[in-house]
Number of protein chains: 2
Amino acid sequence: MVNHTDIKETIKHISGLYSPLSEACILDLASVSKVLSFDKPTIIVREGQFANKTYFIIKGCARAFYLKDGKDITDWLAFENDFISAINSFFLDIPSPHYIEVLEASELLEFSREDSLILSDKYHDFERLASKVITRTLLQLQQRVVSIQFETAQQRYENLLNIRPDITQRVPLTHIASFLGITLETLSRIRSPKNRI
Amino acid sequence: MVNHTDIKETIKHISGLYSPLSEACILDLASVSKVLSFDKPTIIVREGQFANKTYFIIKGCARAFYLKDGKDITDWLAFENDFISAINSFFLDIPSPHYIEVLEASELLEFSREDSLILSDKYHDFERLASKVITRTLLQLQQRVVSIQFETAQQRYENLLNIRPDITQRVPLTHIASFLGITLETLSRIRSPKNRI
DNA sequence: CGCCGAGTTGAACTGAATCAAGAAACGTGG
DNA sequence: CCACGTTTCTTGATTCAGTTCAACTCGGCG
């Protein structure tokens with residue numbers, strides 16, 4: 001678990017992706033952040049925990065899931081350059097209904113809700129970046145509601161493939177299916193060669 | 001269309017609901033806000049507009065909808081103390097895919113994205129409030145994804161009734177149905193007395 | 001009075017779920 | 001490197017919630 005990633009570079013990268021941060025803010029954020037490395041699938045947040053951390057995915061991918069009547073339901077998938085966290089716990093400070101699992105050999109940058117609030121007070125830059133991340137997620141979720149309501153299972157799968165062509169190599173089909181809101185069997189039929197016109 | 005509502009009082013009320021604002025911030029926000037009054041259903045934002053305003057509902061209710069293949073799809077309903085806006089246009093500064101329609105005799109407080117950015121720069125209070133509103137909406141949307149995926153039409157309708165028992169008196173069934181992601185016919189059957197055990 | 005929009009009811013249809021078996025891939029220890 | 005058990009994925013048959021299409025009811029209003 002040696003850490004080869006330079007935190008400061010990573011944060012500069014985030015700043016470039018989302019919203020510019022001042023040098024001082026970058027250093028401050030670097031000082032409260034930590035890089036986590038995993039070489040295989042690992043659960044990093046469990047149901048019931050107060051999951052007051054957010055994770056930026058430097059490399060690899062992760063999912064948020066919960067158990068509904070014992071069944072594993074993936075409700076968010078995140079890849080390089082995405083953030084992921086157990087949003088209910090993170091924002092409402094309640095025990096998390098979600099698990100978070102890293103799915104590949106991955107590197108994550110982690111920092112806490114508390115530090116992010118402190119940084120938001122101190123650096124207007126940072127608050128703006130945070131708000132951008134949240135807004136982006138909001139719009140994605142809105143899009144997802146539309147897609148669940150009006151697209152067939154097949155369309156949703158094809159859209160996902162367009163956005164993320166390598167997803168089937170990286171994420172087990174069970175998780176993809178439940179993320180799409182369909183059963184594994186249905187996904188398997190959609191993917192079956194017979195089904196391709 | 002005389003306006004009896006005191007803007008400052010309304011903003012104090014918002015501040016109490018979401019996150020406290022300083023007196024100076026309240027005054028500043030009041031100076032860039034405006035109260036809109038309607039006495040009957042009215043479309044206040046149309047598809048294609050740059051809808052860079054947000055609306056806080058003082059009294060009444062409103063919906064956001066869009067046309068999908070000519071069909072009217074309600075995708076958000078807002079009541080007293082809720083905010084509503086054409087989120088895609090508001091956050092991304094693109095022409096709005098959504099319409100916004102006020103559904104009853106209503107009063108709204110309106111202010112622009114631009115003013116809200118200015119206020120966010122000037123008052124940390126305000127930025128925090130804005131971020132709270134967005135976060136709350138994010139969590140609601142997430143809940144909605146879960147509900148569409150795992151609840152039956154009937155359960156979704158009953159949940160809506162629990163949260164908003166008067167909704168059927170205030171919002172036409174067509175809009176309720178499409179908000180729930182079901183057809184008017186299905187909603188009608190769910191509501192039919194025969195269906196109650 | 002007759003029309004019109006909103007809601008209801010009925011019958012047939014369909015996309016996806018469920019239940020049940022089996023095949024393929026995968027990893028672990030002998 | 002192979003035999004095994006486990007997990008992941010596929011395929012088939014059946015069922016079901018909700019859609020679609022079509023006809024009908026009802027209440028308001030010009």
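Within every chain, numbering begins at 1; the chains are lettered A, B, ... in the order of the sequence lines, protein sequences first and strands thereafter.
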Engineer: With hydrogens left out and only the distance checked, is there a donor-acceptor pair under 3.5 Å joining B/Arg189's side chain and the base of C/dG10?
Structural biologist: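 Counting by modelled atom types and ignoring angles, a donor-acceptor contact under 3.5 Å is found here.
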Engineer: Are A/Val146 and A/Tyr157 connected into the same hydrophobic cluster when the rule is that any two of I, L, V, M, F, W, Y join if their side-chain heavy atoms are below 4.5 Å apart?
Structural biologist: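 As far as the 4.5 Å side-chain criterion goes, A/Val146 and A/Tyr157 are not connected within one cluster.
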Engineer: Using a strict 4.0 Å threshold on nitrogen-to-oxygen distance, state whether B/Arg191 and B/Glu158 make a salt bridge.
Structural biologist: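 The answer is no: the pair does not qualify as a salt bridge.
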Engineer: How many Å lie between CG on B/Leu173 and P on D/dG27, as a whole number?
Structural biologist: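 Answer to the nearest Å: 15 Å.
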Engineer: Looking at the side chain of A/Arg191, which of D/dT10, D/dT19, C/dA16 is the nearest nucleotide?
Structural biologist: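 Closest nucleotide among those given: D/dT10.
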Engineer: Could you list by number each residue of residues 160-169 of chain B showing a heavy-atom separation from DNA chain D of less than 4.0 Å, or answer none if no residue does?
Structural biologist: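 Heavy-atom cutoff 4.0 Å gives no residues at all.
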Engineer: Which of the following nucleotides, C/dG7, D/dC9, D/dG18, is nearest to the side chain of A/Thr174?
Structural biologist: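 The answer is D/dC9.
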Engineer: Taking the six-membered ring for Trp and the single ring otherwise, decide whether the centroids of B/Tyr18 and B/Phe83 are under 6.0 Å apart.
Structural biologist: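 They qualify: ring centres under 6.0 Å apart.
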Engineer: Check the distance between C/dA16's P and B/Ile148's CD1 and give it to me in whole angstrom.
Structural biologist: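 About 15 Å, once rounded to whole Å.
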Engineer: B/Thr183 side chain: which of C/dA16, D/dG18, D/dT19 is closest?
Structural biologist: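 The answer is D/dT19, which lies nearest to the side chain.
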Engineer: Can you measure A/Glu151 atom CD to C/dG15 atom P for me and round it to whole angstrom units?
Structural biologist: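 Distance, rounded to whole Å: 16 Å.
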Engineer: Can you tell if the side chain of A/Leu21 reaches within under 4.5 Å of the side chain of A/Ile11, non-hydrogen atoms only?
Structural biologist: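 Side-chain contact under 4.5 Å: yes.
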Engineer: Within this structure, what is the CZ-to-C1' distance between A/Phe150 and D/dT20, rounded to whole angstrom?
Structural biologist: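 In whole Å, D/dT20 C1' lies 15 Å from A/Phe150 CZ.
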Engineer: Any non-hydrogen side-chain atom of B/Ile134 less than 4.5 Å from a side-chain atom of B/Phe91?
Structural biologist: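 Touching, per the 4.5 Å side-chain cut-off.
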Engineer: Under 4.0 Å, heavy atom to any atom of DNA chain D: which of residues 62-79 of chain A qualify?
Structural biologist: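 None, since no heavy atom is under 4.0 Å.
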Engineer: With a 4.5 Å cut-off on side-chain heavy atoms, are B/Tyr55 and B/Leu109 touching?
Structural biologist: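 No. Closest side-chain heavy atoms not under 4.5 Å.
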Engineer: Would a single hydrophobic cluster contain both A/Val32 and A/Ile58, if residues Ile, Leu, Val, Met, Phe, Trp and Tyr are joined by side-chain heavy-atom contacts under 4.5 Å?
Structural biologist: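 Shared cluster, yes.
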Engineer: Separation of A/Ile190 atom CD1 from D/dT11 atom C1', in whole Å?
Structural biologist: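 Rounded to the whole Å, the gap is 15 Å.
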Engineer: Should the side chain of A/Glu185 and the base of D/dC9 be counted as holding a donor-acceptor pair, with the cut-off at 3.5 Å?
Structural biologist: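 No, the side chain and the base share no sub-3.5 Å donor-acceptor pair.
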Engineer: Any non-hydrogen side-chain atom of B/Phe126 less than 4.5 Å from a side-chain atom of B/Asp28?
Structural biologist: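 SC-SC contact between B/Phe126 and B/Asp28 ruled out.
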Engineer: What integer distance in Å separates A/His175:NE2 from D/dT8:P?
Structural biologist: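 My rounded result for the distance is 7 Å.
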Engineer: Taking 4.0 Å as the cut-off, does a side-chain nitrogen or oxygen of B/Ser188 come that near to OP1 or OP2 on C/dG7?
Structural biologist: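 No, because none of the side-chain N or O atoms of B/Ser188 sits under 4.0 Å from OP1 or OP2 of C/dG7.
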Engineer: Give the nucleotide from the list C/dT8, D/dC9, C/dA17 with an atom nearest to the side chain of B/Leu184.
Structural biologist: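 Nucleotide nearest to B/Leu184's side chain: C/dT8.
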Engineer: Give a yes/no on whether any side-chain N or O of B/Thr186 is located under 4.0 angstrom from OP1 or OP2 of D/dG18.
Structural biologist: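 Result: no.
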Engineer: Please tell me if the side chains of A/Asp75 and A/His98 come closer than 4.5 Å, counting only heavy atoms from C-beta onward.
Structural biologist: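 When only atoms from C-beta onward are counted, A/His98 and A/Asp75 do touch, with a gap below 4.5 Å.
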Engineer: Does this structure show an ion pair linking B/Glu80 with B/Lys59, if we count only N-O contacts that are shorter than 4.0 Å?
Structural biologist: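 B/Lys59 and B/Glu80: not salt-bridged.
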Engineer: Rounded to whole angstroms, how far apart are CG on B/Leu187 and C1' on C/dT9?
Structural biologist: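 Spelled out: CG on B/Leu187 to C1' on C/dT9 is 14 Å.
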